[in-house]
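What follows is a short report on a single structure.
Residue numbers run from 1 in the order of the sequence given.
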Amino acid sequence: MKKVLVLTNSSGGLYDFRGEFIEALCASYEVWVSMPDDVKGMELEAAGCHIIETPINRRGINPLEDLKLYRAYAKMMREIKPDLVVTYTIKPNVYGGFAAGMGKVPYIATITGLGGAFDRTGPLLKLIVWMYRAGLKKAACVFFQNAENKGIFQDMGITAKKTRMVMGSGVNLEKHKFEPYPEREKTHFLFVGRVMKERGILEYIEAAQRLHSDRVFFDIMGYCDEDYQELLDDLEKEGVIRQIGFHTQVHRYLAAADAIVVASFHEGMSNALIEGASTGRPVIASNISGCKEAFEEGVTGFGFTPGKPEELIAAMEKFLALSTQERAAMGQRGREKMEREFDRKLVTAAYMEEAGLILDGAQDSQT
(Lines give C-alpha, C1' and ligand atoms only; values in the text may rest on other atoms or scores of the structure.)
Protein backbone atom coordinates (compact mmCIF):
# COMPACT_ATOMS: atom_id res chain seq x y z
CA MET A 1 0.00 0.00 0.00
CA LYS A 2 1.37 3.41 -0.94
CA LYS A 3 2.09 5.90 1.82
CA VAL A 4 1.00 9.52 2.29
CA LEU A 5 2.57 11.81 4.88
CA VAL A 6 0.52 14.85 5.93
CA LEU A 7 2.24 17.79 7.67
CA THR A 8 0.12 20.30 9.60
CA ASN A 9 0.40 22.79 12.46
CA SER A 10 -2.96 21.90 14.02
CA SER A 11 -4.78 18.60 14.45
CA GLY A 12 -8.04 20.49 14.94
CA GLY A 13 -7.67 22.44 11.71
CA LEU A 14 -6.72 19.29 9.81
CA TYR A 15 -9.64 17.22 11.04
CA ASP A 16 -12.31 19.92 11.11
CA PHE A 17 -11.58 21.42 7.69
CA ARG A 18 -9.87 18.58 5.80
CA GLY A 19 -11.20 15.49 7.52
CA GLU A 20 -13.08 14.29 4.45
CA PHE A 21 -9.87 14.39 2.37
CA ILE A 22 -7.96 12.53 5.09
CA GLU A 23 -10.68 9.86 5.27
CA ALA A 24 -10.61 9.49 1.48
CA LEU A 25 -6.83 9.03 1.58
CA CYS A 26 -7.11 6.46 4.37
CA ALA A 27 -9.55 4.43 2.29
CA SER A 28 -6.86 3.74 -0.32
CA TYR A 29 -3.46 4.51 1.20
CA GLU A 30 -1.43 4.25 4.38
CA VAL A 31 -1.62 7.72 5.94
CA TRP A 32 0.79 9.28 8.44
CA VAL A 33 0.06 12.64 10.06
CA SER A 34 2.67 14.89 11.67
CA MET A 35 1.05 17.39 14.04
CA PRO A 36 1.99 19.32 17.18
CA ASP A 37 -1.05 18.53 19.38
CA ASP A 38 -3.60 15.80 20.09
CA VAL A 39 -6.81 17.85 20.10
CA LYS A 40 -8.19 15.66 17.30
CA GLY A 41 -5.76 12.79 17.70
CA MET A 42 -8.42 10.21 18.58
CA GLU A 43 -10.56 11.17 15.58
CA LEU A 44 -7.63 11.00 13.18
CA GLU A 45 -6.54 7.63 14.55
CA ALA A 46 -10.11 6.36 14.21
CA ALA A 47 -10.03 7.43 10.56
CA GLY A 48 -6.97 5.20 10.10
CA CYS A 49 -4.06 7.63 10.46
CA HIS A 50 -0.71 6.93 12.11
CA ILE A 51 0.17 9.92 14.32
CA ILE A 52 3.58 11.55 14.78
CA GLU A 53 3.73 14.35 17.34
CA THR A 54 6.01 17.13 16.08
CA PRO A 55 6.36 20.40 18.06
CA ILE A 56 5.93 23.59 16.01
CA ASN A 57 6.33 27.21 17.04
CA ARG A 58 3.57 28.53 14.81
CA ARG A 59 4.52 32.18 15.17
CA GLY A 60 7.83 33.94 14.68
CA ILE A 61 11.08 32.87 13.09
CA ASN A 62 13.53 31.18 15.43
CA PRO A 63 16.38 29.73 13.30
CA LEU A 64 17.24 26.99 15.79
CA GLU A 65 13.63 25.86 16.25
CA ASP A 66 12.95 26.00 12.51
CA LEU A 67 16.11 24.02 11.72
CA LYS A 68 14.96 21.42 14.23
CA LEU A 69 11.57 21.25 12.50
CA TYR A 70 13.18 20.80 9.09
CA ARG A 71 15.38 18.01 10.41
CA ALA A 72 12.37 16.31 12.02
CA TYR A 73 10.51 16.38 8.71
CA ALA A 74 13.53 15.11 6.77
CA LYS A 75 14.04 12.28 9.29
CA MET A 76 10.43 11.10 9.15
CA MET A 77 10.53 11.11 5.34
CA ARG A 78 13.64 8.94 5.37
CA GLU A 79 12.03 6.54 7.83
CA ILE A 80 8.48 6.39 6.43
CA LYS A 81 9.50 6.67 2.76
CA PRO A 82 6.19 8.28 1.68
CA ASP A 83 5.06 8.25 -1.92
CA LEU A 84 3.39 11.63 -1.41
CA VAL A 85 3.70 14.45 1.11
CA VAL A 86 0.80 16.86 1.72
CA THR A 87 1.46 20.12 3.59
CA TYR A 88 -0.75 22.82 5.10
CA THR A 89 0.10 26.23 6.60
CA ILE A 90 3.32 28.22 6.45
CA LYS A 91 5.97 26.21 8.30
CA PRO A 92 4.91 22.77 7.05
CA ASN A 93 4.75 24.25 3.53
CA VAL A 94 8.22 25.79 3.75
CA TYR A 95 10.23 23.30 5.79
CA GLY A 96 8.24 20.23 4.82
CA GLY A 97 8.34 21.29 1.18
CA PHE A 98 12.09 21.84 1.33
CA ALA A 99 12.64 18.45 2.97
CA ALA A 100 10.43 16.72 0.41
CA GLY A 101 12.18 18.49 -2.44
CA MET A 102 15.62 17.54 -1.12
CA GLY A 103 14.45 13.95 -0.68
CA LYS A 104 12.87 13.87 -4.15
CA VAL A 105 9.45 13.04 -2.70
CA PRO A 106 6.41 14.43 -4.61
CA TYR A 107 4.43 16.90 -2.53
CA ILE A 108 1.27 18.99 -2.61
CA ALA A 109 1.05 22.25 -0.65
CA THR A 110 -1.84 24.52 0.30
CA ILE A 111 -1.63 28.26 0.91
CA THR A 112 -4.27 28.75 3.60
CA GLY A 113 -3.55 32.48 3.91
CA LEU A 114 -0.63 34.86 4.13
CA GLY A 115 -1.27 36.58 7.44
CA GLY A 116 0.85 39.71 7.62
CA ALA A 117 3.92 38.04 6.11
CA PHE A 118 3.92 40.01 2.87
CA ASP A 119 3.18 43.30 4.61
CA ARG A 120 6.81 43.28 5.78
CA THR A 121 9.55 45.24 4.06
CA GLY A 122 13.31 45.11 3.62
CA PRO A 123 15.45 42.08 4.55
CA LEU A 124 12.65 40.29 6.42
CA LEU A 125 10.40 40.32 3.34
CA LYS A 126 13.28 39.07 1.20
CA LEU A 127 13.86 36.24 3.68
CA ILE A 128 10.17 35.25 3.65
CA VAL A 129 10.07 35.24 -0.15
CA TRP A 130 13.28 33.16 -0.32
CA MET A 131 11.85 30.64 2.15
CA TYR A 132 8.63 30.26 0.18
CA ARG A 133 10.56 29.88 -3.08
CA ALA A 134 12.73 27.16 -1.55
CA GLY A 135 9.77 25.37 -0.03
CA LEU A 136 7.43 25.39 -3.02
CA LYS A 137 9.55 25.38 -6.18
CA LYS A 138 9.52 21.58 -6.49
CA ALA A 139 5.88 21.11 -5.43
CA ALA A 140 3.84 18.96 -7.79
CA CYS A 141 0.85 21.22 -7.10
CA VAL A 142 0.13 24.24 -4.91
CA PHE A 143 -3.48 24.91 -3.99
CA PHE A 144 -4.60 28.51 -3.45
CA GLN A 145 -7.79 29.58 -1.71
CA ASN A 146 -8.16 33.01 -3.29
CA ALA A 147 -6.92 34.76 -6.41
CA GLU A 148 -5.17 37.58 -4.54
CA ASN A 149 -2.85 35.18 -2.71
CA LYS A 150 -2.03 33.46 -5.99
CA GLY A 151 -1.29 36.83 -7.62
CA ILE A 152 1.06 37.85 -4.80
CA PHE A 153 3.03 34.63 -5.19
CA GLN A 154 3.28 35.14 -8.95
CA ASP A 155 4.46 38.73 -8.49
CA MET A 156 7.11 37.57 -6.01
CA GLY A 157 8.37 34.85 -8.34
CA ILE A 158 7.23 32.04 -6.05
CA THR A 159 6.39 29.23 -8.43
CA ALA A 160 5.58 25.53 -8.50
CA LYS A 161 5.09 22.92 -11.21
CA LYS A 162 1.32 23.44 -11.11
CA THR A 163 -1.28 25.51 -9.24
CA ARG A 164 -5.01 25.09 -8.61
CA MET A 165 -7.73 27.21 -7.05
CA VAL A 166 -10.28 25.84 -4.58
CA MET A 167 -12.97 27.56 -2.54
CA GLY A 168 -11.06 27.37 0.69
CA SER A 169 -11.56 24.13 2.58
CA GLY A 170 -15.20 24.08 1.54
CA VAL A 171 -17.94 23.39 4.05
CA ASN A 172 -19.53 20.12 5.11
CA LEU A 173 -23.17 20.89 4.33
CA GLU A 174 -24.43 18.01 6.47
CA LYS A 175 -22.33 18.84 9.53
CA HIS A 176 -23.19 22.51 9.25
CA LYS A 177 -26.81 21.96 8.35
CA PHE A 178 -29.31 24.76 7.87
CA GLU A 179 -30.91 25.83 11.15
CA PRO A 180 -34.13 27.84 11.54
CA TYR A 181 -33.43 31.50 12.32
CA PRO A 182 -33.86 32.55 15.98
CA GLU A 183 -37.10 34.41 16.67
CA ARG A 184 -36.45 36.77 19.57
CA GLU A 185 -36.16 40.44 20.37
CA LYS A 186 -32.49 40.21 21.34
CA THR A 187 -29.61 40.23 18.82
CA HIS A 188 -26.42 38.23 19.33
CA PHE A 189 -23.36 39.04 17.25
CA LEU A 190 -20.74 36.28 17.31
CA PHE A 191 -17.05 36.98 16.64
CA VAL A 192 -15.37 33.75 15.52
CA GLY A 193 -11.59 33.47 15.41
CA ARG A 194 -8.40 33.75 17.40
CA VAL A 195 -8.33 36.78 19.67
CA MET A 196 -5.55 38.80 18.08
CA LYS A 197 -5.05 42.16 16.41
CA GLU A 198 -4.90 40.75 12.87
CA ARG A 199 -8.28 39.11 13.41
CA GLY A 200 -9.87 42.49 14.12
CA ILE A 201 -10.58 41.98 17.81
CA LEU A 202 -9.96 45.63 18.68
CA GLU A 203 -12.49 46.85 16.10
CA TYR A 204 -15.03 44.32 17.35
CA ILE A 205 -14.49 45.47 20.92
CA GLU A 206 -14.98 49.09 19.91
CA ALA A 207 -18.23 48.18 18.18
CA ALA A 208 -19.35 46.28 21.28
CA GLN A 209 -18.59 49.24 23.53
CA ARG A 210 -20.63 51.49 21.26
CA LEU A 211 -23.63 49.29 20.49
CA HIS A 212 -24.16 46.84 23.34
CA SER A 213 -27.40 47.14 25.27
CA ASP A 214 -29.96 44.96 27.01
CA ARG A 215 -31.07 43.86 23.53
CA VAL A 216 -27.76 43.70 21.67
CA PHE A 217 -25.06 41.25 22.76
CA PHE A 218 -21.50 40.65 21.63
CA ASP A 219 -20.05 37.16 21.96
CA ILE A 220 -16.46 36.01 21.25
CA MET A 221 -15.60 32.42 20.36
CA GLY A 222 -11.92 31.55 20.04
CA TYR A 223 -8.80 31.30 22.16
CA CYS A 224 -6.80 34.34 23.16
CA ASP A 225 -3.66 34.27 21.01
CA GLU A 226 -2.26 37.63 22.14
CA ASP A 227 -2.17 39.61 25.37
CA TYR A 228 -5.83 40.63 25.54
CA GLN A 229 -7.13 38.32 28.26
CA GLU A 230 -7.20 40.94 31.03
CA LEU A 231 -9.04 43.37 28.74
CA LEU A 232 -11.58 40.70 27.79
CA ASP A 233 -12.16 39.80 31.43
CA ASP A 234 -12.75 43.46 32.34
CA LEU A 235 -15.18 43.94 29.44
CA GLU A 236 -17.06 40.80 30.39
CA LYS A 237 -17.45 42.02 33.98
CA GLU A 238 -18.86 45.27 32.57
CA GLY A 239 -21.35 43.34 30.46
CA VAL A 240 -19.91 44.55 27.16
CA ILE A 241 -18.92 41.14 25.79
CA ARG A 242 -19.31 37.46 26.61
CA GLN A 243 -16.45 35.00 26.20
CA ILE A 244 -17.42 31.61 24.85
CA GLY A 245 -13.83 30.40 24.51
CA PHE A 246 -12.33 27.87 22.12
CA HIS A 247 -14.52 24.97 21.00
CA THR A 248 -13.91 22.13 18.60
CA GLN A 249 -17.65 21.69 17.98
CA VAL A 250 -18.87 25.10 16.82
CA HIS A 251 -22.14 24.39 15.04
CA ARG A 252 -24.46 24.97 17.99
CA TYR A 253 -22.82 28.33 18.70
CA LEU A 254 -23.22 29.41 15.09
CA ALA A 255 -26.87 28.36 15.19
CA ALA A 256 -27.46 30.34 18.40
CA ALA A 257 -26.13 33.57 16.85
CA ASP A 258 -28.04 36.13 14.82
CA ALA A 259 -25.01 37.14 12.73
CA ILE A 260 -21.45 35.86 12.37
CA VAL A 261 -18.68 38.50 12.43
CA VAL A 262 -15.26 38.04 10.81
CA ALA A 263 -13.13 41.19 11.05
CA SER A 264 -9.79 39.77 9.84
CA PHE A 265 -7.09 41.75 8.06
CA HIS A 266 -6.00 38.63 6.12
CA GLU A 267 -7.65 35.32 5.19
CA GLY A 268 -7.06 32.42 2.86
CA MET A 269 -10.75 31.59 2.90
CA SER A 270 -12.68 32.17 6.10
CA ASN A 271 -14.06 28.91 7.45
CA ALA A 272 -16.08 30.84 10.02
CA LEU A 273 -17.95 32.68 7.26
CA ILE A 274 -18.78 29.68 5.15
CA GLU A 275 -19.78 27.57 8.16
CA GLY A 276 -21.94 30.39 9.47
CA ALA A 277 -23.58 30.91 6.09
CA SER A 278 -24.14 27.16 5.70
CA THR A 279 -25.95 27.23 9.05
CA GLY A 280 -28.23 29.94 7.68
CA ARG A 281 -26.79 32.95 9.44
CA PRO A 282 -26.09 36.32 7.83
CA VAL A 283 -22.48 37.46 8.01
CA ILE A 284 -20.69 40.73 8.67
CA ALA A 285 -17.26 40.48 7.14
CA SER A 286 -14.09 42.23 6.06
CA ASN A 287 -14.06 43.26 2.40
CA ILE A 288 -10.86 41.34 1.68
CA SER A 289 -9.91 38.36 -0.43
CA GLY A 290 -10.78 35.26 1.51
CA CYS A 291 -13.93 36.87 2.89
CA LYS A 292 -15.63 38.74 0.06
CA GLU A 293 -15.92 35.56 -2.03
CA ALA A 294 -18.05 34.05 0.73
CA PHE A 295 -20.84 36.65 0.88
CA GLU A 296 -22.85 39.00 -1.32
CA GLU A 297 -23.25 42.58 -0.14
CA GLY A 298 -26.76 43.24 1.11
CA VAL A 299 -27.86 39.79 -0.02
CA THR A 300 -26.20 37.36 2.41
CA GLY A 301 -24.42 39.87 4.64
CA PHE A 302 -22.67 43.22 4.95
CA GLY A 303 -19.02 44.09 4.40
CA PHE A 304 -16.68 46.71 5.81
CA THR A 305 -13.04 47.77 5.56
CA PRO A 306 -10.90 45.93 8.14
CA GLY A 307 -9.25 48.20 10.67
CA LYS A 308 -12.11 50.72 10.34
CA PRO A 309 -14.30 50.36 13.45
CA GLU A 310 -16.71 53.03 12.23
CA GLU A 311 -17.41 50.93 9.11
CA LEU A 312 -17.93 47.80 11.20
CA ILE A 313 -20.34 49.72 13.42
CA ALA A 314 -22.22 51.02 10.35
CA ALA A 315 -22.54 47.46 8.97
CA MET A 316 -23.88 46.26 12.32
CA GLU A 317 -26.36 49.12 12.43
CA LYS A 318 -27.63 48.13 8.97
CA PHE A 319 -28.14 44.62 10.28
CA LEU A 320 -29.88 45.81 13.44
CA ALA A 321 -32.35 47.76 11.29
CA LEU A 322 -33.53 44.56 9.56
CA SER A 323 -36.63 42.69 10.65
CA THR A 324 -36.37 39.08 11.79
CA GLN A 325 -37.90 38.00 8.50
CA GLU A 326 -35.33 39.98 6.50
CA ARG A 327 -32.48 38.49 8.52
CA ALA A 328 -33.85 34.97 8.04
CA ALA A 329 -34.12 35.53 4.28
CA MET A 330 -30.53 36.76 4.19
CA GLY A 331 -29.44 33.61 6.02
CA GLN A 332 -31.39 31.41 3.60
CA ARG A 333 -29.68 33.03 0.63
CA GLY A 334 -26.33 32.47 2.32
CA ARG A 335 -27.08 28.76 2.67
CA GLU A 336 -28.03 28.56 -1.01
CA LYS A 337 -24.72 30.20 -1.97
CA MET A 338 -22.81 27.61 0.08
CA GLU A 339 -24.68 24.79 -1.64
CA ARG A 340 -23.85 26.19 -5.08
CA GLU A 341 -20.23 27.17 -4.57
CA PHE A 342 -18.65 25.84 -1.36
CA ASP A 343 -19.62 22.19 -0.99
CA ARG A 344 -16.60 20.45 0.55
CA LYS A 345 -17.15 17.44 -1.67
CA LEU A 346 -15.90 19.54 -4.59
CA VAL A 347 -12.74 20.54 -2.70
CA THR A 348 -12.05 16.97 -1.58
CA ALA A 349 -12.45 15.75 -5.17
CA ALA A 350 -9.88 18.29 -6.40
CA TYR A 351 -7.30 17.13 -3.83
CA MET A 352 -7.97 13.46 -4.51
CA GLU A 353 -7.51 14.09 -8.22
CA GLU A 354 -4.04 15.57 -7.67
CA ALA A 355 -3.09 12.90 -5.14
CA GLY A 356 -4.22 10.19 -7.56
CA LEU A 357 -2.15 11.62 -10.40
CA ILE A 358 0.96 11.32 -8.26
CA LEU A 359 0.24 8.03 -6.53
CA ASP A 360 -0.90 6.36 -9.74
CA GLY A 361 2.30 7.41 -11.49
CA ALA A 362 0.60 9.75 -13.99
CA GLN A 363 2.02 13.04 -12.73
CA ASP A 364 4.55 13.51 -15.54
CA SER A 365 1.87 13.37 -18.22
CA GLN A 366 -0.31 15.91 -16.44
CA THR A 367 2.08 18.77 -15.65
Side-chain angles (χ1 to χ4, degrees), residues 1-9 13-14 17-35 44 47-52 54 56 66 69-112 130-145 149-150 153-154 156-166 169-170 268 346-367:
M1 184 177 287
K2 293 190 175 181
K3 299 177 183 178
V4 180
L5 172 62
V6 181
L7 310 178
T8 184
N9 73 353
L14 182 67
F17 306 131
R18 302 163 189 106
E20 293 82 354
F21 174 47
I22 298 301
E23 289 171 357
L25 287 174
C26 287
S28 300
Y29 311 109
E30 183 178 333
V31 179
W32 295 74
V33 177
S34 168
M35 58 194 197
L44 288 165
C49 299
H50 304 283
I51 305 300
I52 306 170
T54 310
I56 297 178
D66 291 348
L69 179 62
Y70 162 73
R71 286 176 172 171
Y73 286 154
K75 182 174 184 288
M76 69 179 71
M77 290 180 201
R78 289 194 301 270
E79 293 177 349
I80 296 170
K81 295 181 172 58
D83 299 282
L84 170 65
V85 173
V86 180
T87 67
Y88 294 98
T89 68
I90 295 174
K91 292 194 176 184
N93 283 342
V94 170
Y95 301 112
F98 189 61
M102 292 293 288
K104 298 183 179 180
V105 182
Y107 62 105
I108 295 170
T110 299
I111 305 304
T112 56
W130 179 85
M131 291 169 63
Y132 267 116
R133 286 175 180 166
L136 300 180
K137 69 178 181 179
K138 295 183 180 180
C141 184
V142 175
F143 280 90
F144 289 91
Q145 298 187 341
N149 285 180
K150 182 178 179 180
F153 272 52
Q154 289 174 337
M156 295 289 184
I158 304 169
T159 59
K161 295 178 181 178
K162 181 179 181 180
T163 63
R164 288 188 69 164
M165 289 282 298
V166 287
S169 302
L346 301 175
V347 178
T348 300
Y351 277 88
M352 286 302 296
E353 180 180 12
E354 293 302 323
L357 290 174
I358 295 170
L359 294 166
D360 294 339
Q363 181 67 16
D364 290 343
S365 65
Q366 298 290 328
T367 58

**Message:** Ile358 vs Tyr107, test: side-chain contact (heavy atoms from CB on, under 4.5 Å). Steps then yes/no.
**Reply:** CA-CA 9 Å; Ile358 295 170; Tyr107 62 105; over 6 Å; no
**Message:** Could you walk me through whether Leu44 and Met35 satisfy the side-chain contact (heavy atoms from CB on, under 4.5 Å) test, starting with their C-alpha distance in whole Å, then the side-chain angles of each, then the deciding distance to 0.1 Å, before giving a yes or no?
**Reply:** CA-CA 11 Å; Leu44 288 165; Met35 58 194 197; 3.6 Å; yes
**Asked** Yes or no on side-chain contact (heavy atoms from CB on, under 4.5 Å) for Ser169 and Gln145, after CA distance, side-chain angles and deciding distance?
**Response** CA-CA 8 Å; Ser169 302; Gln145 298 187 341; 3.8 Å; yes
**Message:** Between Thr54 and Met76, does the side-chain contact (heavy atoms from CB on, under 4.5 Å) criterion hold? Intermediate values first, please.
**Reply:** CA-CA 10 Å; Thr54 310; Met76 69 179 71; 3.5 Å; yes
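For the side-chain contact (heavy atoms from CB on, under 4.5 Å) with Phe143, the qualifying choice from Val347, Val166, Ile111, Val86 is Val166, the only one to do so.
In this structure a side-chain-to-backbone donor-acceptor pair under 3.5 Å is present from Lys3 to Ile80. A donor-acceptor contact shorter than 3.5 Å is absent between the side chain of Arg78 and the backbone of Gly103. Using modelled atom types, no side-chain atom of Tyr132 and backbone atom of Ile90 make a donor-acceptor pair closer than 3.5 Å.
No side-chain heavy atom of Phe98 sits under 4.5 Å from any side-chain heavy atom of Lys138. Here the side chains of Cys49 and Val31 are in contact, with some heavy-atom distance below 4.5 Å. Taking 4.5 Å as the limit, every side-chain heavy atom of Val142 sits out of range of all side-chain heavy atoms of Ile158.
Once rounded to the nearest 0.5 Å, the distance linking CD of Glu79 with CG of Leu5 reads 11.0 Å. Once rounded to the nearest 0.5 Å, the distance linking OG1 of Thr112 with CG of Asn9 reads 7.5 Å. For the atom pair Leu69 CG and Tyr73 OH, the distance stands at 4.0 Å (nearest 0.5 Å). Interatomic distance, Asp83 CG to Met1 CE, rounded to the nearest 0.5 Å: 11.5 Å. The CD atom of Glu20 lies 12.0 Å from the CG atom of Leu25; values are rounded to the nearest 0.5 Å. Atom CD1 in Ile108 sits 6.0 Å away from atom CD in Glu354 (nearest 0.5 Å).
When every heavy atom of Arg164 is checked against every heavy atom of Cys141, the shortest pair comes out as CG-SG, 3.9 Å. Scanning both residues, Met131 and Tyr95, for their nearest heavy atoms gives CE-OH, 2.9 Å. When all heavy atoms are compared, the tightest approach of Met352 to Ala24 is SD-CB, 3.7 Å. Closest approach of Ala355 and Leu84 over heavy atoms only: CB-CD2, 3.8 Å. The minimum heavy-atom distance linking Cys26 with Ala47 is given by the pair CB-O, 3.3 Å. Scanning both residues, Leu7 and Ser34, for their nearest heavy atoms gives CD2-CB, 3.6 Å.
You'll find the ring centres of Phe21 and Tyr351 inside the 6.0 Å limit. The distance between the ring centers of Phe144 and Phe153 falls below 6.0 angstrom.
Other residues, nucleotides and ligands place no more than 12 heavy atoms under 6.0 Å from the NZ atom of Lys137. In this structure, Met102 places its CE atom where only 12 or fewer heavy-atom neighbours from other residues, nucleotides or ligands lie under 6.0 Å away.
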